[in-house]
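Everything on this sheet refers to the single structure shown next.
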Amino acid sequence: MGVTRVVLSVLLIPLAGCAASKPATDFTYQDVPAARIADQLFLAGTIAAVEGCDPPFSDVNVGRPNFVSPPVPVDGGCGGSFRASAPWEYVDAVSRITAVHDTVVRDWDVRLKSGPEAAETRATETTLRHCLDRAGFTNPGPDAPGLEGYGFGKGDRALDNAAQRCSDESGYGDRIAVQRLRTLQSVLGRHEAEISSIAKLRPVLERAAQPSSGTDRTRFGLPQ
């Protein structure tokens with residue numbers, strides 16, 4: 001589906017104090033659970049039910065870092081033969097949803113890698129580095145890009161397990177997840193108009209799974 005890679009998160013501590021009649025854009029989606037962003041905003045569950053795949057857009061379901069399991073495919077394994085034979089309006093709807101998702105993820109990535117957010121990430125990563133040093137895994141050096149120089153997820157199970165333990169015990173996982181969710185919610189709010197238009201596409205998606213018989217329709221987990 002041409003989408004970007006997996007990301008991490010937990011629930012954000014609720015923020016209060018929106019005084020205007022319409023919430024500030026940064027707070028528009030603060031009540032959407034971190035693990036439900038793909039489903040509630042990008043109709044990932046509906047696409048999965050129609051195509052018989054895992055829910056796509058997993059990179060916007062923010063959770064704590066997972067160093068020991070392979071990342072979930074962002075496209076959920078969707079597409080393929082079903083998409084190739086689906087009605088034009090369905091393919092167009094999914095393409096439009098994917099385009100909004102991709103724009104959000106790009107803007108989010110830029111936000112995290114620039115200015116004060118990048119500085120906060122570097123400071124948070126120091127906590128993990130120190131813990132890994134104490135566990136006997138040396139810092140890859142000042143020229144390594146962030147934590148990537150350690151080589152997580154490349155077959156060194158001792159390293160991956162140590163990283164997971166350090167992430168959980170040092171508070172790194174919680175802090176990085178809160179930051180990522182906060183910045184994602186801000187970016188989502190700035191794309192409110194495009195995201196709001198996605199909800200109108202749900203009937204288009206469901207019609208693609210509507211065979212002649214109600215029994216077949218139930219097979220997709222959709223109402224008859």
Side-chain angles (χ1 to χ4, degrees), residues 1-49 54-66 71-76 78 92-125 146 171-206:
M1 295 172 62
V3 286
T4 333
R5 254 184 97 91
V6 165
V7 219
L8 320 154
S9 129
V10 286
L11 296 176
L12 176 66
I13 299 171
L15 302 176
C18 298
S21 57
K22 186 179 190 308
T25 55
D26 281 15
F27 302 147
T28 302
Y29 298 108
Q30 68 172 344
D31 293 329
V32 178
R36 299 281 295 163
I37 291 173
D39 187 32
Q40 290 194 19
L41 304 186
F42 297 100
L43 305 183
T46 303
I47 293 172
D54 292 329
F57 312 129
S58 57
D59 51 355
V60 295
N61 287 336
V62 191
R64 290 168 60 187
N66 185 342
V72 178
V74 175
D75 65 5
C78 302
D92 179 66
V94 173
S95 297
R96 289 164 61 185
I97 295 169
T98 301
V100 177
H101 162 271
D102 291 354
T103 298
V104 166
V105 170
R106 281 194 298 269
D107 290 356
W108 184 26
D109 189 57
V110 169
R111 174 78 66 88
L112 286 169
K113 291 180 178 178
S114 58
E117 298 298 347
E120 180 177 335
T121 298
R122 288 193 297 271
T124 304
E125 287 175 348
Y172 165 81
D174 290 334
R175 290 170 60 193
I176 206 71
V178 167
Q179 180 195 13
R180 295 183 74 85
L181 183 57
R182 170 176 53 76
T183 51
L184 175 58
Q185 288 174 326
S186 177
V187 171
L188 289 168
R190 297 178 191 282
H191 291 279
E192 181 179 358
E194 302 100 291
I195 292 171
S196 296
S197 70
I198 289 176
K200 301 174 184 177
L201 298 175
R202 186 186 297 274
V204 176
L205 300 180
E206 292 182 348

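Across all their heavy atoms, S58 and V72 have their closest contact at OG-O, 3.6 Å. The two atoms that bring A38 and P56 nearest to each other are CB-O, 3.8 Å, heavy atoms only. Across all their heavy atoms, L181 and A34 have their closest contact at CD2-CB, 3.8 Å. Q40 approaches P33 most closely through the heavy-atom pair NE2-CD, 3.8 Å.
A salt bridge does not link D107 with R190: none of the charged nitrogens is closer than 4.0 Å to a carboxylate oxygen. R182 and E120 are joined by a salt bridge, as a carboxylate oxygen and a charged side-chain nitrogen come within less than 4.0 angstrom of each other. Checked for salt-bridge contact, R175 and E125 miss the test: no charged N lies under 4.0 Å from a carboxylate O. A salt bridge links D39 with R36: the closest approach of a Lys/Arg side-chain nitrogen to an acidic carboxylate oxygen falls below 4.0 angstrom.
The aromatic rings of F42 and F57 lie tilted to each other, with the angle between the two planes from 30° to 60°.
Considering OG1 of T183 and NZ of K113, their distance stands at 12.5 Å, rounded to 0.5 Å. The distance from the CG atom of L43 to the CG atom of L205 is 6.0 Å, given to the nearest 0.5 Å. For the atom pair CD of E206 and CG of L201, the computed distance is 11.5 Å after rounding to the nearest 0.5 Å.
With L41 as the partner, the side-chain contact (heavy atoms from CB on, under 4.5 Å) test is satisfied by one option alone out of V60, I198, L188: L188. Shown are D174, T124, T121; of these, the side-chain hydrogen bond (donor to acceptor under 3.5 Å, both in side chains) with Q179 is made only by T121. Paired with V105 under the rule side-chain contact (heavy atoms from CB on, under 4.5 Å), one option of D59, V110, V74 passes, and it is D59.
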> Passes side-chain contact (heavy atoms from CB on, under 4.5 Å), L184 versus V104? Steps please.
Replying inline: CA-CA 8 Å; L184 175 58; V104 166; 3.9 Å; yes
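If you check the side chains of T46 and R202, you find a donor sitting under 3.5 Å from an acceptor.
Between D75 and D54 there is no side-chain heavy-atom pair separated by less than 4.5 Å.
In this structure, W108 contributes its side chain and R180 its backbone to a donor-acceptor pair below 3.5 Å.
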